[in-house]
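Read through the structure below, which is laid out as structure tokens, and then see the notes.
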Amino acid sequence: MACIRKRRGKYVVDYRDSTGRRRWITCETKRDADEVLSAKIRENRQLTRPAADADVTVAQCAARWIATIASSLKPRTVESYQQCLRLYIEPRFGTTKIRKLHRGLIKEFLAQHLSSGLAPNTVRIIHATLRAMLNEAVEDGILMANPAVRLGKKLRLVATSKQRQEQIKAMDREQLFAFLGATANSKNGTDRTYYPLFLLMARTGLRLGEAIALELGDLDFERSTIRVERAFSAGRIETPKTGEGRDVDMSRQLAATLRQMIAERRHDWFKEGKGQMPSLLFISEAGTMLDGANIRKVFARSLKTAKLPPHFTPHCLRHTFASLLLQQGASPAYVQRQLGHASIKLTVDTYGRWLPMGNRAEVDRLDDQNGSKAVADEDSESQDTTVSH
């Protein structure tokens, strides 16, 4: 039974939590104690019996959590969680009862990894894994609150939108033109065959895995669109990163290039008596899916020919697509849909520095002499003129 006891001039709230364990909270005043007691009574009324043993260890909770999420997340994501648990979390906390974890302990654990020289991004993933697992413990009623929340920002594990934007490498128009020209005009005949792939990525913003998983049936030349519903990742075909398909627009140049590529392939394929053509849009000389390592080698050679910085990667074509669209005034909502971002906030946070900043003339257009009143006056004069005629 919950109650308040006065002890040494202070007030102690004596209660049992949802797991049946006895707890004490010391307050300075009777009023504070009354508020704490009321809150704990409400919490206990709302909480149900824990879905798991209250004395479960971190290792046991982790195994239960992985089994729960395995069917709803991409295999690569699950593998990342399992790796973090195996290499970092379980060696330190595996035998610890999960209810013994507290904010200070987790903060110290993450800070130690940072000071040991582990990459901040790796520590961020460790924190994300631990936070996600503890969310499951909260849902199961083992914990009343997640002690790992908001530690990422406190330890500066989460980059700000400005920092993320500074890390993005995108080509400008001249660089992109030089790169595509170097590929299309390469003296290496094999390298030239990669031009349609690189043009598609630069004109649609598709990720490399999405591009090489495209099939001929995904192209709609009548509507000038491409259906993106597959991606090649970690050796397997799966759904795109967001888990959902999308339609992206084809530019006239891209449509013409792909039409020509398909026509030439069909001609050569049947001329050589190879039988039915593969369904993939981009294929190797053997008719199989393109290899990522070979793509990156061709990409690097084209960069060198075009005399561009070697830090660019195939994924930079996605950033180039988004940045060039925004610079020429495209709607962020349109860019979001093309890229397949889950929210427009992600698009703006990622590519905000390429958004046009506007100019003073935009504000001046709100004034009466240039705005709605002037338009209304013009309409009125036009109507008067029409009547007089």
Side-chain angles (χ1 to χ4, degrees), residues 14-26 39-40 43-44 46-159 233-236 238-239 241-243:
D14 185 349
Y15 70 100
R16 292 186 181 275
D17 64 21
S18 60
T19 67
R21 294 188 174 277
R22 194 174 182 183
R23 307 285 186 182
W24 294 271
I25 297 179
T26 302
K40 296 305 175 185
E43 288 175 1
N44 285 336
Q46 291 173 353
L47 292 171
T48 58
R49 187 177 185 83
D53 181 2
D55 288 328
V56 66
T57 65
V58 169
Q60 292 169 333
C61 186
R64 176 188 174 91
W65 171 59
I66 290 294
T68 302
I69 65 172
S71 61
S72 59
L73 295 180
K74 292 182 180 295
R76 192 171 183 177
T77 302
V78 176
E79 289 168 7
S80 174
Y81 283 147
Q82 289 175 320
Q83 184 178 42
C84 277
L85 289 166
R86 184 178 67 256
L87 296 179
Y88 304 105
I89 297 173
E90 291 184 1
R92 174 64 178 84
F93 297 122
T95 59
T96 304
K97 293 180 180 180
I98 203 159
R99 59 184 176 80
K100 294 288 187 180
L101 292 181
H102 56 81
R103 190 173 180 82
L105 191 63
I106 296 172
K107 181 180 176 182
E108 179 186 9
F109 166 69
L110 296 173
Q112 286 175 347
H113 279 304
L114 281 174
S115 61
S116 70
L118 200 63
N121 191 55
T122 302
V123 181
R124 180 187 64 79
I125 296 173
I126 295 171
H127 172 243
T129 302
L130 189 55
R131 185 183 61 219
M133 182 191 68
L134 293 178
N135 275 337
E136 186 80 6
V138 172
E139 290 182 9
D140 287 345
I142 302 170
L143 294 175
M144 297 182 68
N146 189 336
V149 296
R150 292 187 294 276
L151 280 178
K153 187 174 182 180
K154 193 173 188 66
L155 294 172
R156 298 184 179 180
L157 298 176
V158 181
S233 176
R236 61 175 71 91
E238 52 189 32
T239 58
K241 189 173 182 179
T242 58

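- For the atom pair OG1 of Thr129 and CG of Leu134, the computed distance is 10.5 Å after rounding to the nearest 0.5 Å.
- A search for ring pair (Phe, Tyr, Trp, His ring centres under 6.0 Å) contacts involving Phe93 returns Phe109, not counting sequence neighbours.
- Under the side chain to side chain contact (heavy atoms under 4.5 Å, CB included) criterion, Leu73 pairs with Ile69, Thr77, Val78, Tyr81, not counting sequence neighbours.
- Between Val138 and Ala145, the shortest heavy-atom contact is CG2-C, 3.7 Å.
- Residue pairs meeting the salt bridge (Lys or Arg N to Asp or Glu O under 4.0 Å) criterion with at least one member in residues 75-94, sequence neighbours excluded: Glu79-Arg236.
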Show your reasoning for whether side chain to side chain contact (heavy atoms under 4.5 Å, CB included) applies to Lys100 and Leu105. CA-CA 9 Å; Lys100 294 288 187 180; Leu105 191 63; over 6 Å; no
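- Side chain of His127 to backbone of Ala148: a donor-acceptor contact under 3.5 angstrom is found.
- At a threshold of 4.5 Å between non-hydrogen side-chain atoms, the residues Asp140 and Val56 do not count as touching.
- Counting all heavy atoms, side chain and backbone alike, Asp55 lies closest to Lys97 at O-CG, 3.7 Å.
- To the nearest 0.5 Å, the span separating CD on Gln112 from CG on Leu118 amounts to 12.0 Å.
- Rounding to the nearest 0.5 angstrom, the gap separating the CG atom in Leu130 from the SG atom in Cys84 is 10.0 Å.
- Looking at heavy atoms from C-beta onward, Cys61 lies out of side-chain contact with Glu136 at the 4.5 angstrom threshold.
- Scanning all heavy atoms of the two residues, the minimum distance from Arg64 to Thr68 falls at O-OG1, 2.9 Å.
- The CG atom of Asn146 lies 9.0 Å from the CG atom of Leu151; values are rounded to the nearest 0.5 Å.
- Going from atom CD of Glu108 over to atom NE2 of His113 covers 11.0 Å, rounded to the nearest 0.5 Å.
- A pairwise comparison of heavy atoms in Ile125 and Ser80 identifies CG2-OG, 3.9 Å as the closest pair.
- The closest donor-acceptor contact from the side chain of Arg124 to the backbone of Ala119 lies at 3.5 Å or more, if one exists at all.
- Evaluation of the side chain to side chain donor-acceptor pair (under 3.5 Å) rule for Gln60 yields Thr57 as partners, not counting sequence neighbours.
- In this view, Ala128 and Arg131 satisfy the side chain to side chain contact (heavy atoms under 4.5 Å, CB included) rule, not counting sequence neighbours.
- With sequence neighbours left out, the side chain to side chain donor-acceptor pair (under 3.5 Å) criterion links Lys74 to Thr239.
- Under the rule for a side chain to side chain donor-acceptor pair (under 3.5 Å), Thr122 has no partner lying at least two apart in sequence or in another chain.
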Using the side chain to side chain contact (heavy atoms under 4.5 Å, CB included) rule, take Leu101 and Leu143 through it: C-alpha gap first, then chi angles, then the decisive distance, then the call. CA-CA 10 Å; Leu101 292 181; Leu143 294 175; 6.0 Å; no
